[in-house]
Number of protein chains: 2
Amino acid sequence: MTNIKKVSELAGVSTATVSRTLKMPDMVTARTKEKVMKAVREAGYRPSWLATSVKTGRTNTIVVLVPNLVNPFFMRIIGGIEQAAQERGFTVLLCDTQGDSKRESDYASMVLTNRADGLIQLDHSFPFSDDDAKLAETIPMVSVCERIHSEKKYPVVSLDNYAASRALVHHLVSYGHTRFAVIVGQVVSQIHKDRLSGLRSVLAEEDIEFDEDMIVGQSYSIENGIESMRQLLAKPTRPTAVICFNDDIAIGAMHEIHRQGLHVPNDISVVGFDNVKVSAFMNPPLTTIDQPAYEMGRRGMEVLSDLINSIPLTRSSEMLPFQLLERQSSGPAPV
Amino acid sequence: MTNIKKVSELAGVSTATVSRTLKMPDMVTARTKEKVMKAVREAGYRPSWLATSVKTGRTNTIVVLVPNLVNPFFMRIIGGIEQAAQERGFTVLLCDTQGDSKRESDYASMVLTNRADGLIQLDHSFPFSDDDAKLAETIPMVSVCERIHSEKKYPVVSLDNYAASRALVHHLVSYGHTRFAVIVGQVVSQIHKDRLSGLRSVLAEEDIEFDEDMIVGQSYSIENGIESMRQLLAKPTRPTAVICFNDDIAIGAMHEIHRQGLHVPNDISVVGFDNVKVSAFMNPPLTTIDQPAYEMGRRGMEVLSDLINSIPLTRSSEMLPFQLLERQSSGPAPV
DNA sequence: GGTATATTTGTTATCGATTACAATAATTAC
DNA sequence: GTAATTATTGTAATCGATAACAAATATACC
């Protein structure tokens with residue numbers, strides 16, 4: 001390994017001068033700069049990131065905890081994070097937690113072992129134990145998407161899920177739907193509560209009855225969409241509108257509806273959340289809520305960067321605007 | 001920050017003993033172990049990964065260069081990499097290169113700056129310049145999916161794209177198709193060449209004429225599928241079978257076919273490559289080549305781990321088996 | 001030209017661990 | 001009980017950089 005010592009000898013200067021030439025070029029004369037750079041080139045020298053970091057105490061790395069890397073929605077968020085990170089000189093360490101709390105805890109502790117400077121949480125389970133909570137209080141951490149349940153309030157960048165849910169239901173009500181069903185994802189989350197109460201609020205205002213049995217599902221997957229739709233179609237009175245809590249679920253639901261020989265949206269309207277890429281190209285294209293995922297990621301990283309640099313935050317919670325995309329998977333209720 | 005010094009003082013031992021207690025517990029007596037562990041707990045001490053790595057010269061981190069994080073096919077590979085990495089004590093640094101060679105080069109150089117021990121390449125552009133090539137020769141590197149063009153031969157874990165392509169074409173020929181079209185992704189790649197020559201070989205054997213104009217497209221995206229399909233449908237004689245070089249392209253192609261009021265597969269059969277999750281749930285479900293993505297990732301990581309640990313490889317190139325999944329997007333050629 | 005000031009470079013301590021080597025304590029052998 | 005051996009702990013060098021401080025050199029000014 002070529003190290004700074006070797007370069008300094010090659011250039012005939014001290015190691016300090018080499019370091020200065022590379023990190024603060026204004027402090028050295030043109031002549032020595034030239035000498036040093038020549039030696040650097042000849043030796044093929046690159047400063048060890050490890051050594052630099054250990055000395056400066058900064059890794060310029062942040063950890064992102066993702067529940068599921070395969071979900072393109074999270075990937076859009078990560079795209080935004082990456083962009084903002086790059087602009088600020090941070091590298092992103094992506095960690096697929098698979099909802100496994102052990103993994104999550106392992107990855108989170110990277111911040112404590114000087115492996116990263118901060119953490120962005122796209123999941124919502126960490127911190128889970130009291131131990132973690134205490135531990136987490138000292139580390140710069142931002143939550144994107146979902147509020148974290150903890151004594152200490154972490155900055156949150158999220159969506160107004162309550163309003164988004166209301167928009168979807170309004171859209172369906174305007175088409176004359178009265179028999180609603182919901183296929184949910186993870187139940188213990190703020191997202192879940194907000195969306196459900198948004199739904200309930202509109203139905204109450206419109207005087208539409210809602211059967212609690214029409215809430216099914218337990219995960220954000222295509223398979224859950226299929227299985228839950230199967231359950232719904234087996235019920236005595238079939239719903240005419242199904243609200244899925246993400247696009248994957250909606251894709252599964254539509255698949256099952258078609259499989260049973262029914263038609264979307266003539267028999268059943270299906271709507272989703274997230275607006276993943278493929279949902280626009282389904283047959284029929286999916287009506288969904290477009291979340292400004294990229295922007296959410298960007299903001300999350302900006303906030304985390306401020307936190308790491310001890311820049312005081314103006315506000316600890318931000319809600320970004322959503323957009324209702326009316327496509328062909330929703331239509332008039334069958335008569 | 002609680003460091004090893006503070007813990008050693010708290011426990012009344014030397015820093016060396018603390019280090020030994022944590023890393024080589026057999027070397028200390030039960031009594032001191034107890035003392036030290038108590039101090040560790042009290043101080044909430046965690047060894048600095050940075051300091052450890054700088055001393056040992058090992059980061060236990062590997063870099064994975066991904067052309068596109070949003071593609072679920074790559075995510076399956078990464079899942080396999082992560083699993084094998086975890087088993088071997090490695091952490092994965094995921095880098096979305098976006099096909100940008102500057103980014104790719106930046107990330108690749110992490111191995112040279114002691115930020116990672118090795119590299120897995122899912123793309124195929126690095127190393128691109130002579131400079132990079134020289135640089136890349138010294139670093140442990142494995143290519144998954146695609147062969148790398150370089151003097152030095154890197155280990156490769158890939159698919160027999162030639163055979164897979166032949167299987168797809170055979171399948172379509174058996175349905176009586178004679179007018180073929182191809183929508184390709186990135187053109188300058190071994191994958192591209194292998195698949196095309198697979199196609200050509202079968203058509204030659206079967207005495208089916210192939211019009212070179214029927215090769216369109218330039219990227220692995222839904223949009224490219226749409227645009228390319230539009231081009232194909234504008235031609236005087238419409239193809240009856242379209243081979244798409246990944247599932248995203250196929251999804252776009254099917255979408256455009258439907259938009260123009262045609263039917264898949266009655267009018268046109270569409271087949272893809274990769275078998276991403278959603279392709280099974282399209283309407284109609286997509287006939288495609290299932291690549292053992294997870295397994296490819298696993299093997300890639302295993303090989304890289306051996307490379308890093310200077311364990312000699314038994315062979316430098318591996319081809320994993322594929323599977324043709326016949327679904328409903330392909331059927332008999334129209335009469 | 002000589003002193004004061006500014007600029008550039010070198011020396012050396014430091015970051016937080018690990019580890020070769022030295023020193024001490026505990027066992028064993030006779 | 002003493003010498004020889006082994007097990008445990010401590011001391012200090014080291015990894016590869018950075019940065020405070022000191023020293024040397026260059027520039028400014030009268």
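These numbers come from the heavy atoms of this one structure, side chains and all, not from hydrogens, waters or symmetry mates. Letters A, B, ... are given to chains in the order of the sequence lines, protein chains preceding strands, and every chain is numbered from 1.
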Return all side-chain donor-acceptor pairs below 3.5 angstrom for residues 7-19 of chain A, not counting sequence neighbours, or 'none' if the list is empty.
residue	atom	partner	partner atom	Å
A:S8	OG	A:K5	O	2.6
A:S14	OG	A:A16	N	3.4
A:S14	OG	A:T17	N	3.3
A:S14	OG	A:T17	OG1	3.1

Note to self: My understanding is that only residues two or more places apart in sequence, or in another chain, count here; which of them pass salt bridge (charged side-chain N to carboxylate O under 4.0 Å, His left out) with A:D106?
What the structure shows: A:K102
Notebook entry, point to check: Residues in side-chain contact (heavy atoms from CB on, under 4.5 Å) with B:S221, at least two apart?
Noted result: B:S219, B:E223, B:N224
Checklist line | Sequence neighbours excluded, every pair satisfying salt bridge (charged side-chain N to carboxylate O under 4.0 Å, His left out) that has a member inside residues 30-45 of chain A | finding: A:K38-A:E42
Next item on the list: Not counting sequence neighbours, list each pair that qualifies as a salt bridge (charged side-chain N to carboxylate O under 4.0 Å, His left out) and has a residue in residues 50-76 of chain B.
Entry: B:R58-B:D117, B:R76-B:D290
Check: For the pair made of CG in B:L22 and P in C:dG16, what is the distance, rounded to whole Å?
Finding: 16 Å
Check: In whole angstrom, what separates A:R115's CZ from C:dG16's C1'?
Finding: 16 Å
Polar atom pairs (N or O), protein with nucleotides 24-28 of chain D, under 3.5 Å:
none

Notebook entry, point to check: Taking atom types as modelled, is there a side-chain donor on A:S48 or B:R115 under 3.5 Å from an acceptor on the other?
Noted result: no
Next item on the list: May I have all residue pairs that pass salt bridge (charged side-chain N to carboxylate O under 4.0 Å, His left out) and include part of residues 59-70 of chain B, sequence neighbours excluded?
Entry: none
Note to self: Suppose we screen for side-chain contact (heavy atoms from CB on, under 4.5 Å). Which residues come up paired with B:S316, at least two apart in sequence or across chains?
What the structure shows: none
Notebook entry, point to check: Listed by chain and number, what are the side-chain contact (heavy atoms from CB on, under 4.5 Å) partners of B:V54, not counting sequence neighbours?
Noted result: A:L50, A:A51
Item checked: Degree of bending, the helix from C:dG1-D:dC30 to C:dC30-D:dG1 (end axes from five pairs; round to 10°) -> 30°
Checklist line | Counterpart residues, salt bridge (charged side-chain N to carboxylate O under 4.0 Å, His left out), relative to A:R299 (two or more places apart) | finding: A:E302, A:E318
Next item on the list: Determine, for nucleotides 4-13 of chain C in 5'-to-3' order, which nucleotides have protein heavy atoms under 4.0 Å from the base (write B), from only the sugar-phosphate (write S), or from neither (write -).
Entry: ----SBBB--
